Amino acid sequence: MEGIEKVCRFLDEAGTYYLATVEGDQPRVRPFGTVLLHDGRLYIQTGKVKPVSKQIAANPRAELCAFKDGQWLRVSGELVEDDRRDVKVAILEKLPVLKGMYSPDDGNMQMLYFKNATATFSSFTAEPEVITF
Ligand SMILES: Cc1cc2nc3c(=O)[nH]c(=O)nc-3n(C[C@H](O)[C@H](O)[C@H](O)COP(=O)(O)O)c2cc1C
């Protein structure tokens with residue numbers, strides 16, 4: 001399995017991750033759950049109306065953290081918007097529950113992928129494993 005696949009699988013299995021952004025000098029964090037591996041990229045999904053989206057537009061540096069089975073994963077990097085319709089369609093197919101809130105042409109749905117990402121798997125019992133993508 002490629003490194004980025006391992007990262008996406010962990011996030012899928014964890015179910016929830018916590019996404020941190022920055023607003024000025026204030027960290028902001030909230031639960032997220034959307035994950036899509038598409039064209040070799042790790043995508044997440046949000047709405048442009050949300051503060052999180054506005055924070056990323058002003059400063060794309062972000063980090064997420066998830067925990068599962070004694071292991072935690074941090075992914076840090078920059079989030080880049082990808083407005084392509086097929087990416088939006090792909091996540092709506094993966095997570096049909098999103099269709100109640102978003103559609104590809106609503107002017108709100110936003111797909112973001114990690115660029116210059118460093119993913120680190122950690123635990124109390126093993127050396128950290130670092131994956132970049
Ligand atoms: C388990 C869980 C998963 C969530 N996943 C997402 C998600 O993938 N994308 C999203 O935009 N909001 C998601 N939300 C909602 C956001 O946490 C919520 O809208 C939050 O207020 C956004 O941050 P902001 O207020 O700083 O913009 C999720 C909420 C929960 C409880």
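Since this is a predicted model, take the numbers as computed values, not measurements. Remember, it's 1-based here, ligands and their atoms both numbered in the order they're listed.
A distance of 12.0 Å separates CG of Leu112 from CG of Leu36, quoted to the nearest 0.5 Å.
Checking Tyr43 against Asp82 by side-chain atom types alone, a donor-acceptor pair falls below 3.5 Å. Side-chain polar atoms of Ser122 and Thr120 form no donor-acceptor pair below 3.5 angstrom. Counted by atom type alone, Arg30 and Thr21 present one or more donor-acceptor pairs between their side chains at under 3.5 Å.
Contact residues for ligand 1 (protein heavy atom closer than 4.0 angstrom to any ligand atom): Thr16, Arg30, Pro31, Phe32, Gly33, Thr34, Gln45, Thr46, Lys50, Pro51, Val52.
Partners of Glu93 under the salt bridge (Lys or Arg N to Asp or Glu O under 4.0 Å) rule, at least two apart in sequence or in another chain, do not exist in this structure.
Using a 30° and 60° split on the angle between ring planes, Phe121 and Phe10 fall in the perpendicular class, above 60°.
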